[in-house]
There are 2 protein chains.
Amino acid sequence: MELSCKSEYALLALLELTAHFNSGEPLQIRQIAAEQSIPDRYLEQLLATLRRAGLVRSQRGAKGGYVLAREPWKITLLEAINCIEGLDSQSSDAGREAKSVEGMVIWEVWQEARQAADAVLQKYTLQDLADQRDARRQLDFMYYI
Amino acid sequence: MELSCKSEYALLALLELTAHFNSGEPLQIRQIAAEQSIPDRYLEQLLATLRRAGLVRSQRGAKGGYVLAREPWKITLLEAINCIEGLDSQSSDAGREAKSVEGMVIWEVWQEARQAADAVLQKYTLQDLADQRDARRQLDFMYYI
DNA sequence: TTATACCCCGGTTATCCACTGGGGTATAAG
DNA sequence: CTTATACCCCAGTGGATAACCGGGGTATAA
């Protein structure tokens, strides 16, 4: 029940890509890493995961980099977090039948809690976060004056 | 975002204590461990944590064991899980200010998701789970006939 | 052709989880 | 008072994962 460093890095990178989405130009790992103080070689792996999941698209060679594969208002936080946190193997039904009755009841309640959290993450898109960031920046600016 | 083995063991033990709450007699680690197939020496540590958190009370010596410190309908799952999962050091406000604006926005959304999950866990008490278990057992029994 | 920037794979250190074990201490029963 | 019981504290181990670092390969624009 904790936001891993991994997920936060990935979201930060996605937000950076969202900010540059309108330009049409790809963003490079070094730029994202420098902007958000993320170790670049590590970020590279996370972006590779996002690419394999189909959330971003990459361009190799000179003038290469990353762009969002879809519009930022069509990518939810749930999608982003799930794909880097790895939802593949153990979830839902598999490996959950050989338990006691108590185990089943506990598991069902836990599922309900997890779904509640997922619902929150699903209602926010990358665009929403970018908007919130802009609003926050505006606030900070006014406070500075 | 995953139910750890630790938490599940603790909840199973608490449910066992809930079932024997009316008898007034303390339950021993060996009994709980045998009933739910939990390694007993490991369960011992979890119960020690629950005791330090004030959720269960222990009696040492012969005829000793554990009892719930409060009535089972006054102990929520959120309490139980939080105390064994360790909510102590890093949460809420500490260590979260030296971040970028993006980091803050991400953190706030995450908090909202976590609170949604917590709300679900808070509305269920140990008694609720025990009742659900009984209902489930009844169903299984009828199915068996 | 060459510089660029992604791609793949493997290693390292630290941390945590699930679990085991040894020895100590309080308590009820005889 | 002794003794068996059952909790108490602390320390260690194997495996898994997280967060990184680094080397070398490959595609692409200039």
Side-chain angles (χ1 to χ4, degrees), chain A residues 1-13 16-17 20 24-69 81 84-90, chain B residues 1-13 16-17 20 24-69 81 84-90:
Chain A
M1 213 56 146
E2 197 174 309
L3 180 62
S4 72
C5 195
K6 218 170 164 181
S7 304
E8 188 171 355
Y9 287 166
L11 288 178
L12 287 171
E16 216 62 32
L17 290 177
H20 289 70
E25 300 270 302
L27 250 188
Q28 289 142 29
I29 291 178
R30 314 294 286 271
Q31 298 177 291
I32 302 175
E35 190 74 28
Q36 294 290 340
S37 309
I38 303 173
D40 52 354
R41 304 303 249 109
Y42 189 39
L43 180 59
E44 193 176 348
Q45 297 175 4
L46 302 181
L47 283 172
T49 304
L50 292 176
R51 178 179 51 82
R52 278 186 273 265
L55 280 183
V56 302
R57 210 182 306 276
S58 69
Q59 169 112 3
R60 299 175 70 163
K63 292 277 177 67
Y66 290 90
V67 286
L68 292 180
I81 290 182
I84 76 109
E85 214 67 46
L87 75 172
D88 27 39
S89 47
Q90 77 288 4
Chain B
M1 211 58 145
E2 197 176 309
L3 179 62
S4 71
C5 195
K6 218 170 163 182
S7 304
E8 188 171 354
Y9 286 165
L11 288 179
L12 287 171
E16 215 63 32
L17 291 177
H20 290 71
E25 300 269 302
L27 249 189
Q28 289 143 30
I29 290 178
R30 314 295 288 270
Q31 298 178 293
I32 302 175
E35 190 74 30
Q36 294 292 339
S37 308
I38 303 172
D40 51 357
R41 302 303 250 106
Y42 189 39
L43 180 58
E44 193 175 348
Q45 297 176 6
L46 301 180
L47 282 172
T49 304
L50 292 175
R51 178 179 52 81
R52 278 186 274 264
L55 281 184
V56 302
R57 210 182 307 277
S58 69
Q59 170 111 1
R60 298 174 72 163
K63 294 274 178 70
Y66 290 90
V67 286
L68 291 180
I81 291 182
I84 76 110
E85 215 67 44
L87 74 173
D88 27 39
S89 47
Q90 78 286 6

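So you know, we letter chains A, B, ... as the sequences are listed, proteins then strands, and number each from 1.
The side chain to side chain contact (heavy atoms under 4.5 Å, CB included) test applied to B:Gln36 returns A:Ser100, A:Glu102, B:Leu12, B:Glu16, B:Ile38, not counting sequence neighbours. Remark: B:Ser7 pairs with B:Ser4, B:Glu85 by the side chain to side chain donor-acceptor pair (under 3.5 Å) rule, at least two apart or across chains. With sequence neighbours excluded, no residue satisfies side chain to side chain contact (heavy atoms under 4.5 Å, CB included) with B:Ser37. Listed by chain and number, the residues in a salt bridge (charged side-chain N to carboxylate O under 4.0 Å, His left out) with A:Glu35 amount to none (sequence neighbours excluded). A:Gln28 is linked by a side chain to side chain contact (heavy atoms under 4.5 Å, CB included) to A:Gln31, counting only residues two or more places apart in sequence or in another chain. Residues forming a salt bridge (charged side-chain N to carboxylate O under 4.0 Å, His left out) with B:Arg30 (at least two apart in sequence, or on another chain): B:Asp40.
Of all heavy-atom pairs between B:Ala10 and B:Ile84, the closest is CB-CG2, 3.9 Å. Annotation for A:Val67 and A:Glu25: closest pair CG1-O, 3.8 Å, computed over non-hydrogen atoms.
A distance of 13.5 Å separates OG of B:Ser58 from CG of B:Leu27, quoted to the nearest 0.5 Å. Of the inter-residue distances, the one linking A:Leu17 atom CG with A:Tyr66 atom OH reads 9.5 Å to the nearest 0.5 angstrom.
Rounded to an integer number of Å, the gap from A:Ile38 CD1 to D:dA18 P is 17 Å. One can place CD of A:Glu25 at 13 Å from C1' of D:dA29, the figure rounded to the nearest angstrom. Separating the OH atom of A:Tyr66 from the C1' atom of D:dT28 is a distance of 15 Å, rounded to the nearest angstrom.
Considering only side-chain N and O atoms, A:Lys63 lies nowhere under 4.0 angstrom from the phosphate OP1 or OP2 of D:dA29.
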Name each donor-acceptor pair under 3.5 Å that joins a side chain in residues 41-57 of chain B to protein atoms two or more places apart or in another chain, with its distance.
from    : atom 1 : to      : atom 2 : distance (Å)
B:Arg41 : NH1    : B:Glu44 : OE1    : 2.8
B:Thr49 : OG1    : B:Gln45 : O      : 3.1
B:Arg57 : NH2    : B:Ala69 : O      : 3.2

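Taking for each of A:Ala62 and A:Ser7 the nucleotide of DNA chain D with the nearest heavy atom, the 5'-most of the two is the partner of A:Ser7.
Residues from residues 39-57 of chain A that place a heavy atom under 4.0 Å from any atom of DNA chain D, listed by number: A:Pro39, A:Arg41, A:Tyr42, A:Gln45. Residues from residues 28-36 of chain A lying near DNA chain C, meaning a heavy-atom separation below 4.0 Å, are A:Gln28, A:Ile29 in numerical order.
Once you apply a 4.0 Å limit to the heavy atoms of chain B, the touched nucleotides of DNA chain C run 5' to 3' over C:dC17 to C:dA29.
A:Ile81 is listed as a side-chain neighbour of A:Leu11, based on a closest heavy-atom distance under 4.5 Å.
Each end of the helix from C:dT1-D:dA30 to C:dG30-D:dC1 yields a helix axis from five base pairs, and these two axes differ in direction by 10° (to the nearest 10 degrees).
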